[in-house]
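Order of the sequence lines fixes the chain letters, A, B, ..., with proteins taken first and strands second; residue numbering starts at 1 for each chain.
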Amino acid sequence: MGASGWLFLFSVLMAAGLLFTMVFFIIMFSDLECDYINPIDLCNKLNQFVLPENIAHAFLALLFLLSGQWIAFLLNAPLLVYNVNKIRNSNHMYDATEIFRTLPNHKKESFIKLGFYLLSFFYYLYRMILALIQESE
Amino acid sequence: MASPAQQLPPGWAAEWDQNAQRYLFIETATGRTQWEEPFLDPEGALNPVPTASPPPGQHHTKRRQYAAGQTQAYYGADTIAPPPGPAYGAVPGQPAQPSQLFTPGLAAEGQFAQQQIGQPGQPPYYGGAQPEPEYINQPGFGQGPVYQQPGVGALADQFSQMNVGQKGLRLFTTNLLTAPPEPLELHRPPPDIILPPNSCLSNSPFANADPSYQRCTLNAIPTSNSLLNKSKIPLGLVITPYRSLKEGDDPVPLITDTVIARCRRCRTYINPYVQFIDGGNRWRCCMCSMSNEVPQLFDWDQVRNQPGDRWARAELNHGVVEFVAPTEYMVRPPQPAVYVFLIDVSHNAVQSGMVATATRTILENLDRIPNEDNRTKVAFIAFDVSLHFFSLPAGTSDSSMLVVSDLDDVFLPKPTDLLVNLTESRAAIENLLGRLNDMFTENHVIGSALGPALQAAFKMMAHIGGKIVVLSSSLPSLGAGALKNREDPKVLGTSKESALLQPASPFYKTFAIECSRAQVSVDMFLFSAAYQDVATLACLPRYTSGQTFFYPAFNASRTEDAVKFAHEFGEVIAMPIMLEAVIRVRASKNLRMSAFHGNFFVRSTDLLAMPSVPQDVSYAIEIQIEDNLTAPFVVLQTAVLHTTCFGERRIRVVTTALPTTSNLSEVFASADQVAIATLLANKAVERSITHKLEDARDALFNKMVEILSAYKASMTAAGAGASAQLAISENLKMLPVLILGLLKNVGIRQSAQIPPDLRAYAQCLLTTLPSQLLIPYIYPTFYSLHNMAPECGTVGEHGIIMPQPLPLTSERLERHGLFLIEDGQNIFLWVGRDAVPQLVMDVFNLPSYEVLRGGKTTLPVLDNPFSQRVNAVIQKTREMRRGVYYPHLYVVKEDGEPPLRLWALSCLIQDRADVLPSYQQFISQLRDKVNGSSY
């Protein structure tokens with residue numbers, strides 16, 4: 001299997017991982033709405049995952065950039081910029097004091113990310129298969 | 001043209017005179033002629049009518065007579081008695097307000113005419129001999145003025161029926177362009193809550209909570225969200241569940257038998273609006289219609305051990321009650337009250353005299369600290385660049401100081417004797433407080449380790465909870481929570497300014513959350529003359545339900561500063577607080593609490609956590625209508641589960657029932673302008689922090705435009721077209737001026753000169769002050785003292801009689817006058833430049849205006865009636881409101897130093913100031929927007 005095949009195999013796994021993180025976030029948010037968890041615990045839990053998620057995504061984008069997968073990189077660029085911007089303004093962490101006011105926005109964001117990771121998962125899968133077919137020919 | 005001949009008395013003839021164009025009357029027997037129509041007989045009642053046209057026919061129909069009467073009354077002719085004073089206090093003899101406004105629902109001719117006449121007369125726009133409007137003591141103005149029109153008995157009857165029947169609130173339209181704001185309007189009670197008959201179990205007048213505890217922006221809830229959106233009025237609840245009681249206030253009834261009936265499903269507490277069914281064995285919840293069993297002991301008088309009268313129970317008769325809670329309501333045994341005082345002893349603090357004043361105040365108030373059960377604990381930590389702990393062993397009068405200078409990893413130097421029982425260690429505490437200032441007099445250390453001091457205090461008390469009282473004179477500079485001076489004059493007035501209002505360090509938020517968890521609340525007393533970052537420090541009280549007090553450039557060598565601080569600090573530590581409290585607001589089905597504003601931590605979607613609840617602090621809650629309301633009335637219930645400071649677990653329940661309505665005009669007629677202004681103030685502050693100050697101002701302005709447009713489109717004949725009027729309902733008449741007051745408030749105002757500390761503090765006040773204090777804070781009170789009526793300032797039936805408040809415009813300032821402007825935080829005594837020496841002598845005991853000095857002052861009480869009256873008015877101003885605030889008194893000379901003068905003038909919000917519009921300009925801006933908008 002060639003380099004691009006390995007690359008997309010890796011990205012499929014990463015996308016799956018990110019997908020699960022988002023599902024976890026959404027479950028936690030709805031737990032908060034149903035009062036199964038208090039905002040302090042929620043924020044402590046979720047904040048552990050925010051940076052790893054962002055770094056994982058940035059790493060993936062970097063791999064695409066370095067390996068010259070332009071389309072894949074361009075697909076990821078908007079989210080990358082969004083994340084970097086959030087970290088620069090230091091509002092990437094969940095704030096327990098504001099969480100109820102901002103909850104609808106957080107949920108919306110998580111759903112959009114979920115959809116994005118889902119689409120990219122299938123895209124990477126497709127590209128991986130494409131790469132494998134090209135090699136075997 | 002009817003000839004008058006037929007009505008002439010016998011022996012007279014009438015002849016038409018072509019030259020004079022009128023009738024000539026001739027007595028046929030004598031040949032005498034006259035122009036005037038002769039009398040018939042004394043009761044014939046026809047006066048000679050010197051008219052240029054033939055006298056009108058005498059066969060008036062009743063209807064025409066009425067029409068004539070109407071015209072005359074309309075133009076203020078005094079031949080017809082003016083309508084007896086409507087409840088608004090129309091001034092007799094004053095022409096009624098001409099108005100072409102049309103109110104739907106009053107379309108029938110007669111009613112419309114009535115409305116025209118009954119338009120509340122505009123009180124004269126001068127302060128002089130204006131009779132006290134009667135509504136001050138009226139139960140409510142929503143009942144509408146009672147009209148009586150001579151000769152229109154039928155209509156009057158119809159009206160009185162309407163009033164008796166109370167089918168709903170009636171809407172009175174007023175025109176903002178011709179009706180200047182009238183300060184007394186703000187003292188009116190909110191519109192009446194007119195519940196459908198039989199909705200309440202008891203006839204008690206207290207079945208609905210007093211508006212000072214809980215008031216809603218609308219006293220008739222629209223049945224659907226679309227109706228609410230049509231009116232554009234924000235729906236919200238303003239609550240002050242823990243209100244101080246002044247003399248004459250009824251105490252909150254206490255239910256001691258721990259029989260607490262609650263709905264099984266929605267957990268609503270039983271209240272006067274439930275229904276007893278099944279022969280009184282069950283009750284139906286008023287919120288979710290669940291049928292519940294009545295507890296067995298509900299009808300049992302446990303004190304006398306005999307059957308009791310259910311209908312006498314306080315929870316069925318009172319909107320505000322307090323239950324003593326059984327153990328199911330406790331997570332742990334009731335905690336004692338704990339006070340940890342963090343006192344800044346750095347150079348600045350000692351030099352300003354803050355330490356001396358604070359220790360003396362604590363010492364003087366040791367007996368007033370809530371300690372009924374002798375369990376109260378206190379601790380003292382002094383901090384500069386290191387932490388000074390004091391060991392206060394019980395039974396002795398010695399105390400020892402332990403210094404910890406490791407700020408990175410704060411530890412307590414001693415496991416015991418730091419947090420001590422107030423009663424047992426009384427001697428040591430008194431000794432320490434007496435010496436504390438002397439210990440640090442020579443302290444030249446500059447710097448503040450506030451963060452580590454907070455951590456230490458937290459460690460000391462985290463297992464119990466309680467209150468940390470911080471007294472700090474400088475910007476925290478060491479250890480955790482160190483802050484930088486980020487004040488930048490270039491940023492002020494720009495869109496980046498709101499960054500200065502946001503917390504600079506995450507420490508204060510995370511620490512606040514820890515505190516909230518451990519039931520610790522923080523009060524901040526800040527004193528710095530330089531930048532202290534109030535915005536960041538206020539975060540702690542904000543999320544731990546404490547309070548912030550700011551004394552910029554405090555200097556105890558000025559007696560006024562010391563008195564103010566000592567008074568407020570004393571009141572705060574003596575205040576009976578609620579501990580370990582949670583607040584939950586429940587409402588009828590399809591109403592949801594959607595957003596919360598105030599000092600607390602939102603622990604779950606509808607639960608507010610408050611480690612301590614101070615008195616007289618207000619919270620605002622926005623309500624959302626999720627689905628159509630079908631019930632004829634809705635119930636809003638606030639429950640505060642708390643521990644009193646004498647170790648009793650209690651639940652305070654505040655219940656308000658409001659009717660629902662599907663009628664837009666009733667929605668407008670039931671709007672409570674004071675509550676709306678309070679809610680909007682909270683929303684504006686939040687917006688200014690999360691977005692920009694400019695956005696907050698725009699939001700306020702647009703909200704006002706929206707309300708006016710909605711009113712115009714739906715309630716006036718103008719509809720969508722342009723109109724020369726700016727119509728709003730009578731009960732919302734003051735809303736524009738309150739919004740203008742908010743736009744001009746230090747917390748929101750557009751200006752490049754307001755230091756961020758002052759702004760942040762003003763925002764704290766805007767979000768915590770209850771309506772009673774907030775309204776004067778945004779719309780100050782303005783009295784003219786030199787020409788107040790002779791009884792003002794003397795003791796009358798209801799205490800000291802206050803002068804008439806004037807509208808807030810500098811037109812009223814006279815060059816020879818003495819005026820008082822107060823906003824609940826400051827009192828300005830304005831002295832005109834031509835004040836006669838006698839006045840200055842009488843009030844200030846100084847020979848002339850020239851020697852009078854402006855600035856903070858204490859007014860001498862002199863041996864002359866005028867001085868005593870002025871002092872009485874000031875005294876009353878300081879005492880008449882709830883809350884701990886003790887306003888400073890400033891003497892402002894008309895030609896005195898400009899900053900003080902401008903500050904005082906900025907209270908006159910109806911004037912134009914800098915870039916901010918005057919009231920007239922503001923109103924015309926609103927009108928242009930309303931007419932220009934595409935509704």
Look at atom [atom1] of [X] and say whether more than 12 heavy atoms of other residues, nucleotides or ligands are closer to it than 6.0 Å.
{"X": "Glu109(A)", "atom1": "CD", "value": "yes"}
{"X": "Lys459(B)", "atom1": "NZ", "value": "yes"}
{"X": "Lys86(A)", "atom1": "NZ", "value": "yes"}
{"X": "Leu66(A)", "atom1": "CG", "value": "yes"}

*All ring pair (Phe, Tyr, Trp, His ring centres under 6.0 Å) counterparts of Phe507(B), not counting sequence neighbours*: Phe511(B)
_Qualifying residues under ring pair (Phe, Tyr, Trp, His ring centres under 6.0 Å), relative to Phe49(A), sequence neighbours excluded_ = Phe24(A)
Can you measure from [atom1] ([X]) to [atom2] ([Y]) and round to the nearest 0.5 angstrom?
{"X": "Asp606(B)", "Y": "Asp35(A)", "atom1": "CG", "atom2": "CG", "result": "7.0 Å"}
{"X": "Phe601(B)", "Y": "Asn38(A)", "atom1": "CZ", "atom2": "CG", "result": "7.0 Å"}
{"X": "Ile689(B)", "Y": "Glu98(A)", "atom1": "CD1", "atom2": "CD", "result": "8.5 Å"}

*Under 4.5 Å, counting heavy-atom pairs only, tell me which of Leu32(A), Ile37(A), Asp95(A) racks up the most with chain B.*
Asp95(A)
*Name the option with the most non-hydrogen atom pairs under 4.5 Å to chain B; the candidates are Cys34(A), Pro39(A), Cys43(A).*
Pro39(A)
_Heavy-atom side-chain proximity of Thr690(B) to Arg101(A) below 4.5 angstrom_ = yes
_Side chains of Arg603(B) and Ile40(A) in contact at under 4.5 Å (non-hydrogen atoms)_ = no
*Nearest heavy-atom neighbours spanning Ala96(A) and Ile513(B)*: CB-CD1, 3.5 Å
*Search all heavy atoms of Thr97(A) against all heavy atoms of Tyr543(B) and return the closest pair with its distance.*
CB-CE2, 3.2 Å
_Contacting region of Arg517(B) [heavy-atom separation from chain A under 4.5 Å]_ = side chain
*At a heavy-atom separation under 4.5 Å, does Glu686(B) approach chain A through its side chain, its backbone, both, or neither?*
side chain
